[in-house]
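Here the structure is laid out as structure tokens; the discussion comes afterwards.
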2 protein chains.
Amino acid sequence: MREKKPAVQCAIEEALSVIGDRWSLLIVRDVLRGVNRFDSLQESLQISRNILTQRLNTLEEAGILVKIPIKPGARRMLYNATPKCFALVPTLVSLIDWSARWSEKPDTRWARVIDKRTGEPVTVDLVGNDGEPVSLLDLDLTY
Amino acid sequence: MREKKPAVQCAIEEALSVIGDRWSLLIVRDVLRGVNRFDSLQESLQISRNILTQRLNTLEEAGILVKIPIKPGARRMLYNATPKCFALVPTLVSLIDWSARWSEKPDTRWARVIDKRTGEPVTVDLVGNDGEPVSLLDLDLTY
DNA sequence: CCAATAAGTTCTAAAATGCAACTAATTTGT
DNA sequence: ACAAATTAGTTGCATTTTAGAACTTATTGG
């Protein structure tokens, strides 16, 4: 009997199957900035309550959020970020970079993620496995 | 008369309003790897043709793709990536990183974007304005 | 000049999303 | 302690998006 070879799959599809909808990344953003109650999320995002329920459940099942009672045994809940959630920060920053650079909206200041040590905005860089920056021209996107 | 102060807006929302659906980033991925005809995109993505039409138009209006005839005057079209499209590569790479690190699917090899100079996968790093890596702990996500 | 191809369009059906009102437990204020 | 307000949802229905398949129109290769 032959072992089944692990198929090469698209990690982008995989990611989008979890967070590729209109709300999930915004929920992640809000939870990371400390908006972690059902009602505050609903108000902040202006999302339908039933959809919010769905998305929170999906994100919890995916291990991106954990739901815990405000105090042991209570019914009031907190939605907290897991390490897997924090791991989405580079994605969020890359989107912020992209909008700040390419969006055509005059008279708008885009909110940035800030490096507390310097007070300056953080960005995102492509790097090789030596940690050195890599140019777009050096990429093989064949995929 | 007072000048209207530029409002601080969320760049993540802005980005997601363009590419925050289940298909757009996959279309971007495919175009970047050279899949740039209507039918090949449809076949590659298994997307409904009418939806593909919509998405391609949206992406073109957003300046992410340009549609040009295969030769001058022809009706056969090519969808090509603009610089604004290439600027999404860090986002794609960040999603690939995230899946490769956090997705729980045994026996799958995730396709990576490769650094042609080394043959090794490219990743993405958070960097301060000095170009130095920044830790998640040093970020102000208040936003 | 015929058969195949490419790039859509046009229906209709199904799924996802939005909206408002409702529930049931739990805090809060007095 | 107890009434009023809050919280975290649920439920049912309307609207919007997406999917699927067949159809159209022009091009193109042999």
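From a predicted model like this one, the values you see are computed outputs, not experimental measurements. Chain letters run A, B, ... following the sequence lines, proteins first and then strands; every chain starts at 1.
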B/D21 side chain to B/S24 side chain, donor-acceptor N/O pair below 3.5 angstrom: yes
query: Does anyone know the first and last nucleotide of DNA chain C in reach of chain B, 5' to 3', at under 4.0 angstrom to a heavy atom?
result: C/dT5 to C/dC11
message: Please report the distance, rounded to the nearest Å, between CZ in B/R37 and P in D/dT27.
response: 14 Å
field: B/T91 and its side chain to side chain contact (heavy atoms under 4.5 Å, CB included) partner, picked from B/V89, B/L88, B/V93
entry: B/L88
message: Need to verify one output field. Residue with the more 5' nearest nucleotide on DNA chain C, B/F38 or A/R55?
response: B/F38
- prompt: Reckon A/D21 touches a base, only the sugar-phosphate, or nothing at all at heavy-atom distances under 4.0 Å?
  reply: nothing
- request: Measure the distance from CE on A/M77 to P on D/dG9 and round it to the nearest whole Å.
  value: 7 Å
message: Whole angstroms only, please: what is the CG-C1' distance between A/L56 and D/dT10?
response: 14 Å
message: Could you see if A/V28 belongs to whatever hydrophobic cluster contains A/W110? Use Ile, Leu, Val, Met, Phe, Trp, Tyr and a side-chain cutoff under 4.5 Å.
response: no
field: B/D39 bridged to B/R37 by N-O distance under 4.0 Å
entry: no
field: Closest to side chain of B/R76, choosing from D/dA19, D/dT27, D/dA8
entry: D/dT27
field: A/K71 NZ to D/dT7 P, straight-line distance once rounded to whole Å
entry: 14 Å
query: Any Lys/Arg nitrogen of B/R112 or B/E120 sitting under 4.0 Å from an Asp/Glu carboxylate oxygen of the other?
result: no
task: Could you say whether A/Q54 or B/R75 is positioned toward the 5' end of DNA chain C, judged by the nucleotide with the nearest heavy atom to each?
output: B/R75
message: I'd like to know if the side chain of B/S103 pairs up with that of A/E14 as donor and acceptor (distance under 3.5 Å, no hydrogens or angles considered).
response: yes
message: Between A/D97 and A/T123, do the side chains contain a donor N or O and an acceptor N or O under 3.5 Å apart?
response: no
task: Rounded to the nearest angstrom, tell me the gap between atom CD in A/E43 and atom C1' in D/dG9.
output: 16 Å
message: Rounded to whole Å, how long is the line connecting atom CD1 of B/I51 with atom P of D/dT16?
response: 15 Å
message: Strictly below 4.0 Å: does A/Y79 bring a side-chain N or O up to OP1 or OP2 of D/dT7?
response: no
field: Whole-Å distance separating the CZ atom of B/R49 from the P atom of D/dG20
entry: 13 Å
message: Whole angstroms only, please: what is the CG-C1' distance between A/D39 and D/dG9?
response: 9 Å
- request: Tell whether B/R22 reaches the base of D/dT18 with its side chain through a donor-acceptor pair below 3.5 angstrom.
  value: no
message: I want to check one thing: is the phosphate of D/dT17, taken as OP1 and OP2, less than 4.0 Å away from some side-chain N or O of B/W23?
response: no
